[in-house]
Trainee: 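Could you have a look at this structure, given as structure tokens, before my questions?
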Amino acid sequence: MSISITGTPTPEAALASLAPPASFAGFKLEPIAPEPGPDSVNNAFYAVRCKTCGKDDFHFGSFPAIAPDPSPQYGVDPGGTWLRPPHRLRCAHCGSVGTIFDTRTDGYDGILNGGGPYESGSTGEVFGDAPSKVEVFATYNILLNELTELAAAAGRGVKPADLFDWFNIVVTPNDGSEPFELDYECG
């Protein structure tokens, strides 16, 4: 695994580790527990497996675009390739495809505000060639009591864990090429 973290989960992160966000429901998730430590950890970490066949090798999907000048995406220079959401994963073994993150519908902004600030793609989806291991984590900067109130007010079966305010995906290609991480503020 590429994610290595030390600390004690906050109540929000601990709850999400036991009952992951609904937006990840298309996959089998294996919680990654932090190593014990004195600091608080407000993230819930998961290794991702295919819900159909149980394998953990995926082709990462995105909607690539060439970043204009100025680039709207941090860390992507003008003229560079920007991997826009929604992000889907295609199992390298059975071919099952599912959405792991869509800024328009997932997390705090997706659920409570009708979508996040990121440009999403709708045509031109591309899946990476190399099968990869995938890990995701959801971050909670809002206290559990407030998340519980917001989820109840949202209705529609929304759980506190669904209202993460930051999302990261770590993609580690099996062929030894460079891993990459994408992150999105969601609240």
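None of the values given here were measured: they were computed from a predicted structure.
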Trainee: Taking all atoms of both residues into account, what is the closest heavy-atom pair of A16 and Y140, and its distance?
Mentor: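 Heavy atoms of A16 and Y140 come nearest at CB-OH, 3.4 Å.
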Trainee: State yes or no: do I100 and W82 share one hydrophobic cluster built from I, L, V, M, F, W and Y residues joined by side-chain heavy-atom distances below 4.5 Å, directly or via other members?
Mentor: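 Unlinked, I100 and W82 end up in two clusters.
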Trainee: Do the ring planes of F101 and F164 sit parallel (below 30°), tilted (30 to 60°) or perpendicular (above 60°)?
Mentor: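 The arrangement is tilted - the two ring planes meet at 30° to 60°.
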Trainee: Can you check whether H87 and Y184 have ring centres sitting under 6.0 Å from each other?
Mentor: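 Centroid separation for H87 and Y184: below 6.0 Å.
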Trainee: Is any NZ, NE, NH1 or NH2 atom of the basic residue among D57 and K55 found under 4.0 Å from an Asp or Glu carboxylate oxygen of the other?
Mentor: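 Salt bridge: no.
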Trainee: Can you give me the closest heavy-atom contact between A161 and A19, atom names plus distance?
Mentor: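 A161 and A19 have their closest heavy atoms at CB-O, 3.4 Å.
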Trainee: Heavy atoms only: give me the nearest A154-V158 pair and the separation to one decimal.
Mentor: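 Closest pair (atom of A154, atom of V158, distance): CB-CG2, 4.0 Å.
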Trainee: Any chance you could lay out the side chain to side chain contact (heavy atoms under 4.5 Å, CB included) test for D39 and T6, step after step, and finish with the verdict?
Mentor: CA-CA 7 Å; D39 296 327; T6 302; over 6 Å; no
Trainee: Ignoring hydrogens and angles, tell me if any N or O in the side chain of N113 forms a donor-acceptor pair with the backbone of G115 under 3.5 Å.
Mentor: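 It does not hold such a pair.
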Trainee: Would you say the side chain of E12 lies within less than 4.5 Å of the side chain of L147, judging by non-hydrogen atoms?
Mentor: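 L147 vs E12: side chains touch.
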Trainee: Does any donor atom in the side chain of D183 or W166 lie under 3.5 Å from an acceptor atom in the other side chain?
Mentor: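 D183 vs W166: donor-acceptor pair found between side chains.
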Trainee: Under 4.5 Å between any side-chain heavy atoms of I66 and T81, yes or no?
Mentor: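 Yes, at least one pair of side-chain atoms sits under 4.5 Å.
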Trainee: Do P9 and P34 make a side-chain contact, defined as non-hydrogen atoms from C-beta onward lying under 4.5 Å apart?
Mentor: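 Yes - at least one pair of side-chain heavy atoms lies under 4.5 Å apart.
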Trainee: If you define the side chain from C-beta out and look only at heavy atoms, does anything of C53 sit under 4.5 Å from C91?
Mentor: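 Result yes, sub-4.5 Å side-chain heavy-atom pair found.
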Trainee: Please assess L163 against I142 for the test side chain to side chain contact (heavy atoms under 4.5 Å, CB included), listing each intermediate value before the final yes or no.
Mentor: CA-CA 9 Å; L163 301 176; I142 300 171; over 6 Å; no
Trainee: So do the side chains of S132 and T172 get within less than 4.5 Å of each other, counting heavy atoms only?
Mentor: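 Side chain of S132 against side chain of T172, heavy atoms only: no contact under 4.5 Å found.
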Trainee: Check whether any side-chain heavy atom of K28 sits under 4.5 Å from a side-chain heavy atom of C50, and report yes or no.
Mentor: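 In short, these two side chains do not touch, never coming nearer than 4.5 Å.
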Trainee: Tell me, with the steps shown, if I32 and E135 meet side chain to side chain contact (heavy atoms under 4.5 Å, CB included).
Mentor: CA-CA 9 Å; I32 301 170; E135 297 164 321; 3.8 Å; yes
Trainee: With rounding to the nearest 0.5 Å, note down the distance linking NZ in K159 to OG1 in T148.
Mentor: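 Nearest 0.5 Å value for the NZ-OG1 distance: 12.5 Å.
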Trainee: Any donor-acceptor pair under 3.5 Å linking the side-chain atoms of N42 with those of T10?
Mentor: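 Absent: no donor and acceptor within the cut-off.
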Trainee: Would you call V97 and L89 a side-chain contact if the rule is heavy atoms closer than 4.5 Å?
Mentor: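 The answer is no; the side chains never approach within 4.5 Å.
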Trainee: Which heavy atom in H59 sits nearest to a heavy atom in G128, and how many Å separate them?
Mentor: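 That would be ND1-O, 2.8 Å.
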Trainee: Within this structure, what is the CD-CD1 distance for the pair E35 and I5, rounded to the nearest 0.5 Å?
Mentor: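 The CD1 atom of I5 is 10.5 Å from CD of E35, to the nearest 0.5 Å.
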Trainee: How far apart are the closest heavy atoms of S120 and T103, and which atoms are they?
Mentor: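 Result for this residue pair: OG-CG2, 3.2 Å.
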Trainee: So how far is it from L182 CG to F167 CZ, rounded to the nearest 0.5 Å?
Mentor: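 One gets 8.5 Å once the value is rounded to the nearest 0.5 Å.
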Trainee: Mind checking the OG1-CZ spacing from T99 to R88? Nearest 0.5 Å is all I need.
Mentor: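 Here the interatomic distance stands at 5.5 Å.
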Trainee: Check for me, please, whether V171 and Y46 land in the same ILVMFWY cluster - side-chain distances under 4.5 Å, paths through other members count.
Mentor: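 Hydrophobic grouping puts V171 with Y46.
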Trainee: Membership question, hydrophobic clusters at under 4.5 Å side-chain separation (ILVMFWY): are Y118 and F180 in the same one?
Mentor: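 Looking at the clustering, Y118 is in the same group as F180.
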Trainee: Of the non-hydrogen atoms in A44 and A13, which two are nearest, and what is the gap between them?
Mentor: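 Distance-wise, the nearest heavy atoms are CB-O, 3.8 Å.
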Trainee: To the nearest 0.5 Å, what is the distance between CG on L150 and CG on D162?
Mentor: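 Nearest 0.5 Å value for the CG-CG distance: 12.0 Å.
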Trainee: Hey, does the Lys NZ or Arg CZ of R84 hover above the aromatic six-ring of F63, less than 6.0 Å from the centre and inside 45° of the axis?
Mentor: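 No, R84 does not lie over the aromatic ring of F63.
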Trainee: Counting C-beta onward and ignoring hydrogens, is there a side-chain heavy-atom pair between L29 and V48 closer than 4.5 Å?
Mentor: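 Yes, their side chains come closer than 4.5 Å.
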Trainee: For the backbone of S177 and the side chain of D175, can you confirm whether one donor and one acceptor N or O come within less than 3.5 Å of each other?
Mentor: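 Pair found, side chain donor or acceptor close to backbone of S177.
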Trainee: Could you grab the distance from atom CG of N168 to atom CZ of F137, nearest 0.5 Å is fine?
Mentor: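 So the gap between those two atoms works out to 3.5 Å.
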